[in-house]
Amino acid sequence: QLQLVESGGGLVQPGGSLRLSCAASGFTMHYYHIGWFRQAPGKEREGVSCISSSSGITTYTDSVKGRFTISRDNAKNTVYLQMNSLKPEDTAIYYCAASTPRFRRCVLPPNEYDYWGQGTQVTVSS
């Protein structure tokens with residue numbers, strides 16, 4: 001059974017850092033595009049970053065470029081999202097998801113993803 005489990009969320013002050021983890025079971029991550037998404041209260045789910053299958057090419061939404069870094073550890077079958085210089089507007093539930101590759105490079109629209117984790121809360125507040 002394909003499963004994704006996020007961890008690493010929490011409460012952090014503005015300017016702080018967190019590292020989110022997305023651990024997979026039941027499938028091998030590097031054969032799939034893996035994305036990180038977030039959803040704030042009253043807002044639609046948005047794509048934050050993704051890492052492409054095999055090639056490892058990464059994509060970021062403009063609001064996190066230079067602050068967030070996505071990476072993959074194939075040995076641990078885990079994808080990470082390092083989040084630095086966090087802002088209050090980064091507050092949301094963060095989800096990871098997997099997509100059977102339809103394009104060579106991963107994309108950020110959530111409807112391109114087939115399998116989802118349960119999410120982890122990130123709160124940026126002083």
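Just so you know, these numbers use all the heavy atoms, side chains as well, and skip hydrogens, waters and symmetry mates. Note that the coordinates shown come from a computational prediction; the quantities given were computed from them, not determined experimentally.
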Q) With sequence neighbours left out, which residue pairs that include part of residues 42-58 fulfil the side chain to side chain donor-acceptor pair (under 3.5 Å) condition? A)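 Only Arg38-Glu46, Gln39-Arg45 qualify under side chain to side chain donor-acceptor pair (under 3.5 Å).
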Q: Quick one: which residue pairs count as a side chain to side chain donor-acceptor pair (under 3.5 Å) with a foot in residues 8-33, not counting sequence neighbours?
A: Ser17-Asn84
Q.
For a quick test of reading the model, state the closest non-hydrogen atom pair linking Gly9 to Leu20 and the distance between them.
A.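 Closest approach of Gly9 to Leu20: N-CD2, 3.6 Å.
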Q. If every non-hydrogen atom of Ser126 is compared with every non-hydrogen atom of Pro14, which pair is closest and at what distance?
A. N-CD, 3.7 Å
**Q.** Contacts of type side-chain contact (heavy atoms from CB on, under 4.5 Å), residue Ser71, not counting sequence neighbours
**A.** Tyr80
Q) Excluding sequence neighbours, so at least two apart, what forms side-chain contact (heavy atoms from CB on, under 4.5 Å) with Leu108? A)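 side-chain contact (heavy atoms from CB on, under 4.5 Å) check on Leu108 returns Cys50, Thr59, Thr61.
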Check: residues 96-103 side-chain donor-acceptor pairs under 3.5 Å, at least two apart:
from   : atom 1 : to     : atom 2 : distance (Å)
Ser99  : OG     : Arg102 : NH1    : 3.4
Ser99  : OG     : Glu112 : O      : 3.0
Arg102 : NH1    : Glu112 : O      : 2.9
Arg102 : NH2    : Asp114 : OD1    : 2.9

Q. Honestly curious: do Val79 and Val107 fall in one hydrophobic cluster under the side-chain, below-4.5 Å linking rule?
A. no
If you measure from [atom1] on [X] to [atom2] on [Y], what distance do you get to the nearest 0.5 Å?
X      : Y      : atom1 : atom2 : answer
Ile57  : Ile70  : CD1   : CD1   : 13.0 Å
Ile51  : Trp36  : CD1   : CH2   : 12.0 Å
Gln121 : Thr91  : CD    : OG1   : 7.5 Å
Gln3   : Gln118 : CD    : CD    : 8.0 Å
Leu18  : Gln82  : CG    : CD    : 8.5 Å

Q: Could you list all the salt bridge (Lys or Arg N to Asp or Glu O under 4.0 Å) pairs where at least one residue sits in residues 61-71, not counting sequence neighbours?
A: Asp62-Lys65, Arg67-Asp90
Q | Side chain Asp73, main chain Thr78, donor-acceptor under 3.5 Å | A |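 No, the answer is negative, given that no donor and acceptor are paired below the 3.5 Å cut-off.
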Q) So, Thr120 side chain and Tyr94 main chain: donor-acceptor pair closer than 3.5 Å or not? A) no
Q. More than 12 non-hydrogen atoms from neighbouring residues, nucleotides or ligands closer than 6.0 Å to CZ on Arg104, yes or no?
A.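 No.
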Q. Which disulfide (SG to SG under 2.5 Å) pairs, counting each pair once, include a residue from residues 57-88, with sequence neighbours left out?
A.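 Disulfide (SG to SG under 2.5 Å) check on residues 57-88 returns no pairs.
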Q: Report yes if some heavy atom in the side chain of Val122 is under 4.5 Å from a heavy atom in the side chain of Met83; otherwise report no.
A: yes
**Q.** Contact check, side chains of Ser63 and Lys87, non-hydrogen atoms, under 4.5 Å
**A.**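 Answer no - side chains too far apart.
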Q) What's in the same ILVMFWY side-chain cluster as Trp116, cut-off under 4.5 Å, chained through other members? A) Phe37, Ile93, Tyr95, Tyr113
Q. Step by step, would you call Leu86 with Phe68 a side-chain contact (heavy atoms from CB on, under 4.5 Å)?
A. CA-CA 9 Å; Leu86 282 161; Phe68 291 11; 3.8 Å; yes
